[in-house]
Amino acid sequence: MKKADSEFIKGRIAPCGLHCGKCFAFADGDISYHSNELKRSLGNFDVYAQRFVAMLDEPVFAKYPDFKEFLDHLSVATCQGCRKEKCKLFKTCNVRACSEEKQVDFCFQCSQFPCENTGFDEHLYKRFVTINRRMQEIGVEKYYEEVRNIPRY
Ligand code: SF4
Ligand code: SF4
């Protein structure tokens with residue numbers, strides 16, 4: 001597989017280290033892509049799901065409308081990533097603006113890391129520290145290779 005260049009990586013890994021490329025809200029992400037593919041493969045499954053409830057005696061097919069609604073939601077992801085727009089998930093995040101002010105691409109490059117300025121809750125803060133320590137240890141490109149094919153959830 002072709003190695004990603006640093007600008008591509010910056011478009012996918014936010015300054016805090018989270019992988020935007022694997023976020024459900026990322027327009028060019030795997031989740032959105034596969035949701036659209038699954039929608040295409042399912043076609044007019046709505047009609048069949050109703051029939052399958054009785055025909056196959058499998059009540060799980062009655063849940064299809066909720067599944068479809070959620071799949072539709074995942075398939076219309078619009079976020080361009082943290083460096084291009086405000087994060088839709090973490091409304092209290094201070095990291096992007098702060099990293100621009102400090103002129104660093106990633107927080108581990110900042111002299112104040114790990115700081116108390118992120119605006120993250122405890123769970124996210126722990127991830128932020130772990131991810132940035134890992135990037136510091138092996139470098140951004142190797143870190144991206146480690147996470148490019150695994151879910152972030
Ligand atoms: S900026 Fe936030 S909402 Fe957008 S892709 Fe990154 S983590 Fe997801
Ligand atoms: S002060 Fe904290 S949030 Fe801001 S760039 Fe440095 S490490 Fe990141």
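Quick caveat: nothing in here was measured; it's all calculated off a predicted structure. Whatever order the structure lists ligands and atoms in, that order sets their numbers, starting from 1.
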Query raised in the report: Lys22 side chain to Arg148 main-chain N or O, any donor-acceptor pair under 3.5 Å?
Result: yes
Among non-hydrogen protein atoms, atom 3 (S) of ligand 1 lies closest to Lys88 N, 3.5 Å
the protein heavy atom lying closest to atom 2 (Fe) of ligand 2 turns out to be Cys115 SG, 2.2 Å
For Cys87, the atoms of ligand 1 under 4.0 Å from one of its heavy atoms are 1 (S), 2 (Fe), 3 (S), 7 (S)
The closest protein heavy-atom partner of atom 6 (Fe) of ligand 2 is Cys110 SG, 2.4 Å
Nearest heavy-atom contact between Ala27 and Gln80 is CB-NE2, 3.8 Å
Subject >> Tyr143 six-ring centre to Arg12 NZ/CZ under 6.0 Å and within 45° of normal >> reply: no
In this structure, is the centre-to-centre distance between the rings of Phe61 and Phe67 below 6.0 Å? no
Ligand 1 atoms nearer than 4.0 angstrom to some heavy atom of Leu89 are 3 (S)
For Phe108 and Asn132 the tightest heavy-atom approach is N-OD1, 2.9 Å
min-distance protein heavy atom vs atom 8 (Fe) of ligand 2 -> Cys107 SG, 2.3 Å
The atoms of ligand 1 lying under 4.0 Å from a heavy atom of Gly81, numbered in the order shown, are 1 (S)
Atom 1 (S) of ligand 2: closest protein heavy atom, distance to 0.1 Å, is Cys98 SG, 3.5 Å
closest protein heavy atom to atom 7 (S) of ligand 1 is Arg152 NH1, 3.4 Å
Any heavy atom of Cys79 under 4.0 Å from ligand 1? The part involved is side chain
salt_bridge(Lys126, Glu122) N-O dist < 4.0 Å: yes
Salt-bridge criterion met for Glu146 and Lys142 (N-O under 4.0 Å): no
Checking heavy atoms under 4.0 Å, the part of Cys82 that sits near ligand 1 is both
